[in-house]
Trainee: 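Before anything else, here's the structure in question.
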Amino acid sequence: MYIDELIDVKNINISLGEMSKDEVINELVGLFHKNGYIDSVVDYTTAIGKREAEISTAVGYGVAIPHAQNQSVKKATIGILRNLSGIQWGTEKVNLVFMIAAEKDASDEHLKMLSKISTFLMDDVFRAKLLVAGSTKEIYDVLLQEDQKKEAENDLTKVEADAGKYLIGISACMTGIAHTFMAAEALSNEAKQRGMRVKIQTNGSTGIENQLTKKDVAEANAIVVAHDVKVDTTIFGDKTFVDVPVKKAISDAGSMIDKALSESQNNHVQAVVSDQDDADTEDDLTMGGKFARAFYTHVMSGVSYMIPFVVVGGIFIAISFMFGIYASNPDSSQYNIWAAFFNEIGGNSAFKLYVPVLAGFISWSIADKAGLAPGMIGGMMAVNGGSGFLGGMVAGFLGGYVTRFIVKRTRKIPHTYQGLVSVLFTPLLATFIVGFVMFFVLNTPMSELINLMTGWLKSMNGTNAAIMGAILAAMMASDMGGPINKTASAFGLAMFASKIYGPSAALMVGGMVPPLGIALATLLFKNKFTIQEREAGKANWVLGASFITEGAIPFAAGDPLHIIPANIVGSAVGGALCMAFGITLQAPHGGIFVIPIACNHPILYIGCILAGTVVTATILGFTKKSLTKEQMRAEMAGGII
């Protein structure tokens with residue numbers, strides 16, 4: 001966070017006449033209320049008065065910093081009043097007053113930034129610039145310049161301190177495509193800017209690349225593991241590492257590297273989760289946010305291994321339908337040997353495997369190799385018993401945690417018998433428990449639930465279908481690969497398992513529209529995008545057509561208030577049209593390449609995608625600000641914005 005996010009030029013006042021302390025407080029509090037930063041003048045004034053009663057906030061150098069955290073504050077801000085006549089503040093006279101307003105539950109980041117202003121004021125030259133500034137705008141500019149100067153000094157210090165150090169890490173996302181390599185690139189770029197050596201192993205869709213070695217681990221000064229699926233970290237031994245979601249590494253690589261360096265210096269002998277205040281091990285992931293993080297990781301691990309089966313199965317089934325809806329049935333007059341061949345691969349093989357694979361690798365994520373058999377067998381029972389995708393998820397978690405419990409309880413068995421226990425006793429007992437629960441307890445009620453949901457979705461048409469399509473597509477576009485996006489994808493896969501293919505079509509619209517809409521906007525509204533953004537927009541045509549939503553992420557990160565709403569609205573429009581028209585898609589991934597063979601109305605479907613694309617681009621054209629004159633001049637001169 002930077003100073004310009006906390007200081008509003010409208011909250012700056014230059015006073016010429018004599019003023020009392022109370023008049024200054026009332027003036028600044030009045031500005032906060034007028035400009036929408038606080039709800040209640042009375043509440044905040046009372047809070048300031050209470051703080052002043054404890055001890056004067058005059059800090060010397062002719063400066064006072066009254067401050068308060070209060071429930072009336074809607075948004076943290078800093079107000080400034082300059083009075084050259086001097087204001088009596090307790091026993092001192094001051095010329096500069098900085099009033100700090102912080103929310104009742106202000107984050108550490110806010111509080112650190114709010115305290116930052118105090119360090120600036122110790123600089124004689126900085127204070128002199130504020131005292132001679134001719135307008136509130138000049139005061140604002142002086143603050144921004146000082147902030148930029150300090151940031152540059154900090155960056156230089158950081159580079160000097162980190163130069164020559166060695167950063168290693170692992171990145172892995174659900175699909176092993178975009179986020180995996182974006183996280184690796186973000187960490188690598190940040191490390192190189194600091195003069196560090198860097199090696200990030202990527203666990204991508206085609207396997208492990210840039211694999212870490214024991215020599216890398218021995219030489220490493222910092223380790224970052226960015227993942228949404230389970231990764232093998234045994235190579236790190238007892239070395240500490242920072243463990244974060246992939247998107248955290250993409251959006252805040254600098255902080256992750258800082259934390260990794262700090263933890264390494266502290267010699268903590270356990271993993272550190274970056275979004276928790278304290279370190280935790282896998283065994284502690286049982287409550288609150290820790291459990292949610294573990295749950296998400298385990299599910300994504302299963303889904304990442306399942307996706308190829310779903311995609312392959314869906315495409316082969318769609319190809320078989322090209323010969324006729326009943327062409328794979330030997331008793332039908334439409335029967336065709338090739339249709340039967342493709343249906344055998346897709347429907348009778350791949351589709352019967354993907355729920356067991358989901359369950360097996362959820363269980364593997366929890367209990368390692370020992371959990372694979374109980375989870376996969378439980379997943380197959382879910383398929384046979386009719387509980388499908390949801391039953392498979394339950395079987396995966398049940399298999400994983402039951403196996404892990406058994407493994408813990410058998411650790412003290414003599415080493416001589418450990419091999420027999422791990423190969424025979426553990427999988428046998430865990431599979432019996434999972435099978436018993438699935439057969440006698442879960443399959444029947446869950447299959448009934450699936451049937452109810454399936455019947456409800458099949459009955460959807462018109463407005464109800466449009467609303468469902470809009471919601472699913474909007475969820476896909478909202479965080480572009482984050483938890484909301486993954487939740488929508490999981491729902492779509494559950495429906496896919498029940499042979500409901502409408503949601504899959506809406507979800508793909510939601511993933512294709514953001515990069516395509518941005519690409520179109522960079523073409524139609526060039527005055528709103530820099531040269532670099534327009535060049536990136538060209539790549540988004542290919543990414544969007546390939547159903548790789550991540551092409552929109554750099555734009556959303558740079559201007560979230562305009563890009564994200566436009567993406568959501570455009571995707572929602574496309575998704576609503578898609579389901580309202582009864583469009584289905586039997587391949588949940590692949591973009592333009594699978595539409596001709598997996599969609600029941602390919603031309604109409606492409607029209608829905610284009611409609612959403614145009615809506616997103618149009619919204620950006622109306623809402624996104626044009627480049628400033630300074631930016632335009634830099635563009636003309638070939639400068640870098």
Trainee: I want to check a possible cation-pi pair here: Lys369 against Trp364, using under 6.0 Å from ring centre and within 45° of the ring axis as the test.
Mentor: no
Trainee: Without placing hydrogens or testing angles, list every side-chain donor-acceptor pair under 3.5 Å for residues 344-362, not counting sequence neighbours.
Mentor:
from: Glu344; atom 1: OE1; to: Asn348; atom 2: ND2; distance (Å): 2.9
from: Ser349; atom 1: OG; to: Glu344; atom 2: O; distance (Å): 2.9
from: Tyr354; atom 1: OH; to: Ala497; atom 2: N; distance (Å): 3.0

Trainee: I'd like to know if the side chain of Ser363 reaches the main chain of Gly400, judged simply by a donor and an acceptor atom lying under 3.5 Å from each other, with no hydrogens or angles considered.
Mentor: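 Side chain of Ser363 to backbone of Gly400, a donor-acceptor pair under 3.5 Å: yes, one is there.
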Trainee: Just how far is it from atom CZ of Arg409 to atom CZ of Arg404, taken to the nearest 0.5 Å?
Mentor: 11.5 Å
Trainee: Rounded to the nearest 0.5 Å, how far does CZ of Phe397 lie from CD1 of Ile366?
Mentor: 5.0 Å
Trainee: Enumerate donor-acceptor pairs with a distance under 3.5 Å from any side-chain N or O in residues 502-512 to protein atoms, sequence neighbours excluded.
Mentor:
none

Trainee: Short question: side chain of Thr403, backbone of Ala430 - any donor-acceptor pair under 3.5 Å?
Mentor: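 Side chain of Thr403 to backbone of Ala430: no pair is present.
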Trainee: Can you say whether the rings of Trp338 and Phe341 are parallel (under 30°), tilted (30 to 60°) or perpendicular (over 60°)?
Mentor: perpendicular
Trainee: Please report the shortest heavy-atom distance between Ile606 and Ile592, naming the atom on each side.
Mentor: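 Smallest interatomic distance, heavy atoms only, reads CD1-CD1, 4.1 Å.
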Trainee: Taking Ala249's backbone N and O only, do any of them form a donor-acceptor pair with Asp252's side chain (distance below 3.5 Å, no angle check)?
Mentor: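 Side chain of Asp252 to backbone of Ala249, a donor-acceptor pair under 3.5 Å: no, none is there.
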Trainee: Drop me the distance from Thr180's OG1 to Ile250's CD1, to the nearest 0.5 angstrom.
Mentor: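 Atom-to-atom, Thr180:OG1 and Ile250:CD1 are 8.5 Å apart.
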Trainee: Does either side chain, that of Asn600 or that of Tyr605, offer a donor lying less than 3.5 Å from an acceptor on the other one?
Mentor: no
Trainee: Considering all heavy atoms of both residues, which atom of Ile564 and which atom of Ala556 are nearest to each other, and what is their separation?
Mentor: CG1-CB, 3.9 Å
Trainee: Are Ser255 and Asp258 close enough that a side-chain donor and a side-chain acceptor fall under 3.5 Å?
Mentor: no
Trainee: For Pro330 versus Ser328, what's the shortest heavy-atom pair and its separation?
Mentor: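 Here Pro330 and Ser328 meet closest at CD-O, 3.4 Å.
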Trainee: Give the intermediate values and the outcome of side chain to side chain contact (heavy atoms under 4.5 Å, CB included) for residues Phe236 and Leu212.
Mentor: CA-CA 10 Å; Phe236 301 137; Leu212 298 175; 3.8 Å; yes
Trainee: Restricting to pairs with a member in residues 387-397, which pass side chain to side chain donor-acceptor pair (under 3.5 Å), not counting sequence neighbours?
Mentor: Ser387-Asn443
Trainee: To the closest 0.5 Å, what do you measure between CG (Asn540) and OG1 (Thr549)?
Mentor: 10.0 Å
Trainee: Between Asn203 and His227, is any side-chain donor less than 3.5 angstrom from a side-chain acceptor?
Mentor: no
